[in-house]
Visitor: 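Structure in structure tokens, see below.
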Amino acid sequence: MTAGSASAPEGYLADALRRLKRHRALVEEALAQVSDADFFRTIDPESNSIAIIVKHLAGNMRSRFTDFLTTDGDKPDRARDGEFVVAAESRDELMRFWESGWTAAFAALEPLAPEDLARTITINSQPHSVFGAVNRHLMHIAYHAGQIVYLAKHFAGPAWKTVSVPRGGSAAYNDAMRKKAEERR
């Protein structure tokens, strides 16, 4: 490590937050391309709609991150099975729920200090390090973000505007990343 550089735990926390924010942005860019009808549409009877995935992620984040360091991450009032049923909720209601989930997550994660990573919390009455819980959340968000983006792209069809590196655009992307790295030197 060089003088002034972040320690591994500090770097980890900053990187985890950056990745969560990127996944959120990726999902929200995809959601902006989906009609209300497609937001609630499933591709078959056993699949989840985008609305259900949004509701599930929001419920998960609210449960996991409310009183993150002091209470079990599986709150008694969560009703996880209900997250997989969209009854009368509107898209606006589900997006407000989505926002409340992210608010809870960032309120819990942003103030963490490197020494908090070794603390033990519980999820479903099972002990987890904070480090492990954050990794678990990153994986969960990435898993469902991919599902949402895939469904949104499917529904948008030829009107889809990529939310990541476009096909055939890897060389230009890599060049831009190299230039950014050179500018930082």
Side-chain angles (χ1 to χ4, degrees), residues 6 9-43 47-69 73-75 78-80 82-84 86 89-114 116-117 121 123 128 130-156 159-166 169 173 176-177 180:
E10 288 167 346
Y12 170 78
L13 288 168
D15 188 60
L17 285 165
R18 187 172 45 256
R19 289 176 191 278
L20 285 172
K21 289 173 183 175
R22 178 61 188 129
H23 278 56
R24 178 185 185 176
L26 187 120
V27 166
E28 290 176 354
E29 289 171 35
L31 293 175
Q33 298 184 59
V34 175
S35 69
D36 287 353
D38 287 338
F39 183 75
F40 291 98
R41 186 171 149 199
T42 59
I43 56 174
S47 294
N48 291 321
S49 65
I50 292 171
I52 285 174
I53 301 167
V54 163
K55 186 177 181 181
H56 167 62
L57 285 174
N60 177 271
M61 287 188 284
R62 285 174 50 132
S63 184
R64 294 289 186 263
F65 293 109
T66 298
D67 302 321
F68 177 59
L69 296 174
D74 191 36
K75 305 296 184 283
R78 179 173 178 202
R80 182 184 181 277
E83 295 167 9
F84 293 92
V86 173
E89 297 104 337
S90 69
R91 182 175 181 160
D92 286 342
E93 288 172 302
L94 291 172
M95 292 311 297
R96 282 191 296 275
F97 191 49
W98 168 261
E99 180 62 35
S100 71
W102 283 105
T103 297
F106 290 128
L109 296 173
E110 286 174 344
L112 290 178
D116 291 323
L117 293 173
I121 63 163
I123 302 172
H128 295 270
V130 167
F131 179 83
V134 172
N135 277 344
R136 177 179 172 156
H137 183 63
L138 281 166
M139 290 173 50
H140 189 238
I141 289 292
Y143 174 79
H144 289 303
Q147 292 174 327
I148 290 170
V149 170
Y150 180 81
L151 288 170
K153 183 176 181 180
H154 173 77
F155 296 143
W160 175 254
K161 292 177 183 66
T162 190
V163 297
S164 62
V165 179
Y173 176 81
M177 292 297 103
K180 276 177 90 169

Visitor: Listed by chain and number, what are the side-chain contact (heavy atoms from CB on, under 4.5 Å) partners of Ala152, not counting sequence neighbours?
Guide: Ala30, Val34, Ile50, Trp160
Visitor: Mind checking what makes salt bridge (Lys or Arg N to Asp or Glu O under 4.0 Å) contact with Glu93, not counting sequence neighbours?
Guide: none
Visitor: Can you sort out the partners of Trp98 under side chain to side chain donor-acceptor pair (under 3.5 Å), two or more places apart, ordered by chain and number?
Guide: Glu28
Visitor: Indicate yes or no: at least one non-hydrogen side-chain atom of Asp92 is less than 4.5 angstrom from one of Arg96.
Guide: yes
Visitor: Would you say the side chain of Leu138 lies within less than 4.5 Å of the side chain of Tyr143, judging by non-hydrogen atoms?
Guide: no
Visitor: In chain order, what residues pass the side-chain contact (heavy atoms from CB on, under 4.5 Å) check against Ser35, with sequence neighbours excluded?
Guide: Ala37, Asp38
Visitor: Using a 4.5 Å cut-off on heavy atoms from C-beta on, say whether the side chain of Val27 contacts that of Ile141.
Guide: no
Visitor: Can you give the donor-acceptor pairs under 3.5 Å from side chains of residues 104-114 to other protein atoms, not counting sequence neighbours?
Guide:
| residue | atom | partner | partner atom | Å |
| --- | --- | --- | --- | --- |
| Glu110 | OE2 | Lys21 | NZ | 3.4 |

Visitor: Run the side-chain contact (heavy atoms from CB on, under 4.5 Å) test on Arg18 and His23 for me, step by step, so that the C-alpha distance in whole Å, both residues' side-chain angles and the decisive distance to 0.1 Å come before the verdict.
Guide: CA-CA 9 Å; Arg18 187 172 45 256; His23 278 56; over 6 Å; no
Visitor: Determine whether Arg80 and Asp74 satisfy the following criterion, side-chain contact (heavy atoms from CB on, under 4.5 Å), listing intermediate values before the conclusion.
Guide: CA-CA 9 Å; Arg80 182 184 181 277; Asp74 191 36; 5.7 Å; no
Visitor: Between atom CG of Leu31 and atom CD1 of Ile148, what is the distance when rounded to the nearest 0.5 Å?
Guide: 6.0 Å
Visitor: Could you state the interatomic distance from CG (Leu151) to CG (Asn48), rounded to the nearest 0.5 Å?
Guide: 9.0 Å
Visitor: Considering residues at least two apart in sequence or located in another chain, which fulfil the side chain to side chain donor-acceptor pair (under 3.5 Å) criterion with Ser47?
Guide: Asp44
Visitor: Among residues two or more places apart or on two chains, list those pairs meeting salt bridge (charged side-chain N to carboxylate O under 4.0 Å, His left out) that have a residue in residues 133-149.
Guide: none
Visitor: Are more than 12 heavy atoms, taken from residues, nucleotides or ligands other than Phe84, located less than 6.0 Å from that residue's CZ atom?
Guide: yes
Visitor: In the structure I gave you, are the side-chain heavy atoms of Gln33 and Val163 within less than 4.5 Å of one another anywhere?
Guide: yes
Visitor: Would you give me the side-chain donor-acceptor pairs under 3.5 Å for residues 54-63, sequence neighbours excluded?
Guide:
| residue | atom | partner | partner atom | Å |
| --- | --- | --- | --- | --- |
| Lys55 | NZ | Gly82 | O | 3.1 |
| Lys55 | NZ | Val85 | O | 2.6 |
| Lys55 | NZ | Glu89 | OE2 | 2.6 |
| His56 | ND1 | Glu83 | OE1 | 2.8 |
| His56 | NE2 | His140 | NE2 | 3.0 |
| Arg62 | NH1 | Ser100 | OG | 3.0 |
| Ser63 | OG | Gly73 | O | 2.7 |
| Ser63 | OG | Lys75 | N | 2.9 |

Visitor: Among residues at least two apart in sequence or on other chains, which ones pass ring pair (Phe, Tyr, Trp, His ring centres under 6.0 Å) with Phe65?
Guide: Phe68, His137
Visitor: Considering residues at least two apart in sequence or located in another chain, which fulfil the ring pair (Phe, Tyr, Trp, His ring centres under 6.0 Å) criterion with Phe39?
Guide: none
Visitor: Quick one: list whatever passes side-chain contact (heavy atoms from CB on, under 4.5 Å) with Met177, sequence neighbours left out.
Guide: Tyr173, Lys180
Visitor: My understanding is that only residues two or more places apart in sequence, or in another chain, count here; which of them pass salt bridge (Lys or Arg N to Asp or Glu O under 4.0 Å) with Arg22?
Guide: Glu29
Visitor: Salt bridge or not between Arg19 and Asp15? Use side-chain N to carboxylate O under 4.0 Å.
Guide: yes
Visitor: Enter the distance from Ile121:CD1 to Phe131:CZ here, rounded to the nearest 0.5 Å.
Guide: 13.0 Å
